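Take a look at the structure set out below.
All values below were derived from every heavy atom in this structure, side-chain atoms included, with hydrogens, water molecules and symmetry-related copies excluded. Because the structure is a prediction, the values reported are computed rather than measured.
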Amino acid sequence: MKQFRLLFLSVLLLLAPASFSQFGTLDSDFSDDGKVLTTFGEFHSSVRSIVIQPDGKIIAAGDIFDTNRPFSQFALSRYNSDGSLDEEFGLKGRIIENSGTQMHLHSMSLQLDDKILVAGIEFPSKSKTSFSLLRRYNSEGTVDLSFGTAGKVLLNSIFSTSMTVHEDGKIILVGYSVHHFFKPNNYVLMVMRFNQDGTLDDSFGVNGVVQTKIRSLGAQISVAVQNDNKIVVSADILGINDRDIIILRYLSDGSFDTDFGNKGVVVVDAKYDNAAETVKIQPLDGKIVVGGTSEPPLSYSFMLARLLPNGDLDSDFGDSGLAITEAANSEQLKSLVVQSDGMILTCGLVRYATKDEEIILKRFGSDGILDWTFGKYGVVVTDFDLRSGTASMAMQADGRIMAGGYAGGSSKVDFALLRYISGVKVEGQADEKNIFSISPNPVDKTVNLAFDLKYSQGLTVDLYDFNGRKIQNVLQRKDFPAGTNSYTIELPENLTKGIYFLNISNGKSTSNLKIVK
């Protein structure tokens, strides 16, 4: 089936006369070049989570730390839609949680009243154990003292890894028990539910907590909540020969959902060692998408698994429910978003043999095949600096993509935010797609390009062969007015017979037209 779909895609490219848009470019409306770096003085910093407020402002949360001494704290920053810091938030746009203890942040969510909830780990200096931590801030960045005890909730001896807030305002936190974690065949997965005020919800499990004993657990446990309030948790476990993916589903009272998989549990053996990183629910059909990293023989690569609502692998996705991309260099998936059109957008980092790290995004169609309209054959790599990567992703109401992580040189990294054009058409949003056509086709020495522009803009046109290799730039940033235009392009004299593509870009989006010589 997979080979048939790939063959069909090739035939479609040969036969389709219409153009297709190509997206994944950085958004120049966001800090001019689509990138923002935020420094926290002398310390390293890294974004772990991003949320978009209803008014379009962007909140990034993560850690500030010093690699030379035991120092790590929460940090938050808020940005206006153009990428500038919102100086009405915290101290000129920034917050540093200076508690005097070691802290590590992993998740952030907005509650119904726009208050900001963050979750992480706290390591008190005089304690031999760790505490899971929930902290809540008011919308302007001050600590919300009405939440928990003086604005925070601490849970002893629990190492949390993921948090989400459901539409009813209840908070779901997952992790594992520290006391059991290093005991063979005695790992305990923890699922905790809180009321909006930070108190444990005693209608869930035993006093708000559900403990599930599992023979082994990986370091990352993730959670998502379905529209019917069922809770889906993903992790990885040690299988017979390698690490497998495990997905568990609980009812709203904390008991296992016996209609899912084998009495509430599904184990996915993806052939190689696999590390689960995140889990999402597709909004339209309720299918479950787990993203992570696979370790085939050559290098680490992105891995997606999609399950039907009953827990069966979705045979219409990838190869029998699994999509594992090939990678020449080591790649790690860190976050994913299911777009409104069903495509799956992923982000993470790619690490080269030189130890340099770069930001990488990949977009998959709803069938699990890389989306060729996004970047180059479905992949976008952004070179921010010697060392950069992403850990979180969110989609704005207008369809643009926000990604957050770290970037810097060999000695220091800072908060990094990037915004990309996705091409997702949002309901009610004006269609600003430019319309291009060519004649004649087949072509000879020249081709006439006719187009209708929604607004005045500069266009660049490149010629590619059928294998995606760039042959020549045939038009470099020429300005055209809004309305109907035409332009004659001279083709290279030595162009042999075959199929080619004209790639037309205005700096934000691209279109491709097939020509035949």
Would you kindly say whether [X] and [Y] are connected by a side-chain donor-acceptor distance under 3.5 Å?
X	Y	value
N503	D462	no
D312	N310	yes
T39	K412	yes
Y79	T38	yes
T373	Y377	no
D113	Q111	no

Which atom names give the shortest non-hydrogen contact between [X] and [Y], and what distance separates them?
X	Y	value
L361	C347	CG-CB, 4.1 Å
M303	L333	O-CD1, 4.1 Å
P54	L110	CD-CD1, 4.2 Å
S301	A327	CB-CB, 3.9 Å
V289	L336	CG1-CD2, 4.1 Å
S77	L85	CB-CD2, 4.1 Å

Ion pair check, [X] and [Y], cut-off under 4.0 Å:
X	Y	result
R387	D356	no
D63	R48	yes
E87	K92	no
D398	R400	yes

Close side-chain approach of [X] and [Y], heavy atoms under 4.5 Å:
X	Y	value
V379	I360	yes
V233	I247	no
Y500	L491	no
V380	R363	no
K478	L459	no
L513	V447	no
V223	V279	no
V461	I489	yes

Can a donor-acceptor pair be found, under 3.5 Å and without considering hydrogens, that links the side chain of [X] to the backbone of [Y]?
X	Y	result
S107	M163	yes
D371	M343	no
T164	A224	no
N473	L475	yes
S31	K35	yes
N329	V350	no
T293	Y300	no
N485	P481	yes

Pair D273-R243, salt bridge (Lys or Arg N to Asp or Glu O under 4.0 Å): steps then yes or no
CA-CA 5 Å; D273 276 332; R243 297 202 70 81; over 6 Å; no

Once rounded to the nearest 0.5 Å, what's the spacing between atom [atom1] of [X] and atom [atom2] of [Y]?
X	Y	atom1	atom2	result
Q339	F374	CD	CZ	8.0 Å
L349	K334	CG	NZ	6.5 Å
T25	I421	OG1	CD1	5.5 Å
I64	I96	CD1	CD1	4.0 Å
E295	I324	CD	CD1	11.5 Å
I344	S366	CD1	OG	8.0 Å

Which pairs pass salt bridge (charged side-chain N to carboxylate O under 4.0 Å, His left out) with one or both residues in residues 486-501, sequence neighbours excluded?
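For residues 486-501: none.
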
Output, in order, the C-alpha distance, side-chain angles, deciding distance and verdict of side-chain contact (heavy atoms from CB on, under 4.5 Å) for R94 and R78.
CA-CA 7 Å; R94 301 175 180 87; R78 190 165 73 187; over 6 Å; no

Given S335 and E277, is the side-chain contact (heavy atoms from CB on, under 4.5 Å) satisfied, shown in steps?
CA-CA 7 Å; S335 183; E277 188 69 31; over 6 Å; no

Pair I50, I59 - check side-chain contact (heavy atoms from CB on, under 4.5 Å), show working.
CA-CA 6 Å; I50 298 173; I59 306 175; over 6 Å; no

Please evaluate residues Y352 and E358 with respect to the criterion side chain to side chain donor-acceptor pair (under 3.5 Å), reporting the C-alpha separation (whole Å), side-chain torsions for both, the decisive distance (0.1 Å), and the verdict.
CA-CA 9 Å; Y352 302 98; E358 291 181 338; 2.7 Å; yes

Sequence neighbours excluded, which residues qualify as salt bridge (charged side-chain N to carboxylate O under 4.0 Å, His left out) partners of K362?
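Residues passing salt bridge (charged side-chain N to carboxylate O under 4.0 Å, His left out) with K362: E331.
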
In terms of heavy-atom contacts, does NZ of K230 have more than 12 from other residues, nucleotides or ligands at under 6.0 Å?
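Buried by this count: over 12 neighbours within 6.0 Å.
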
Please say whether more than 12 non-hydrogen atoms of neighbouring residues, nucleotides or ligands are located less than 6.0 Å from CD in Q472.
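Counting other residues, nucleotides and ligands, CD of Q472 exceeds 12 neighbours.
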
F40 and ring pair (Phe, Tyr, Trp, His ring centres under 6.0 Å): which single residue from Y406, F65, F415 fits?
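Only match with F40 under ring pair (Phe, Tyr, Trp, His ring centres under 6.0 Å): F415.
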
S294 and N274: CA distance, side-chain angles, deciding distance, side chain to side chain donor-acceptor pair (under 3.5 Å) verdict:
CA-CA 4 Å; S294 183; N274 296 278; 3.1 Å; yes

Should Q53 and S139 be marked as a side-chain contact (heavy atoms from CB on, under 4.5 Å) after you check the CA-CA gap, both sets of side-chain angles, and the distance that decides it?
CA-CA 10 Å; Q53 294 186 173; S139 59; 5.6 Å; no

Verdict with supporting geometry, F23 and Y420, ring pair (Phe, Tyr, Trp, His ring centres under 6.0 Å)
CA-CA 8 Å; F23 301 94; Y420 298 86; over 10 Å; no

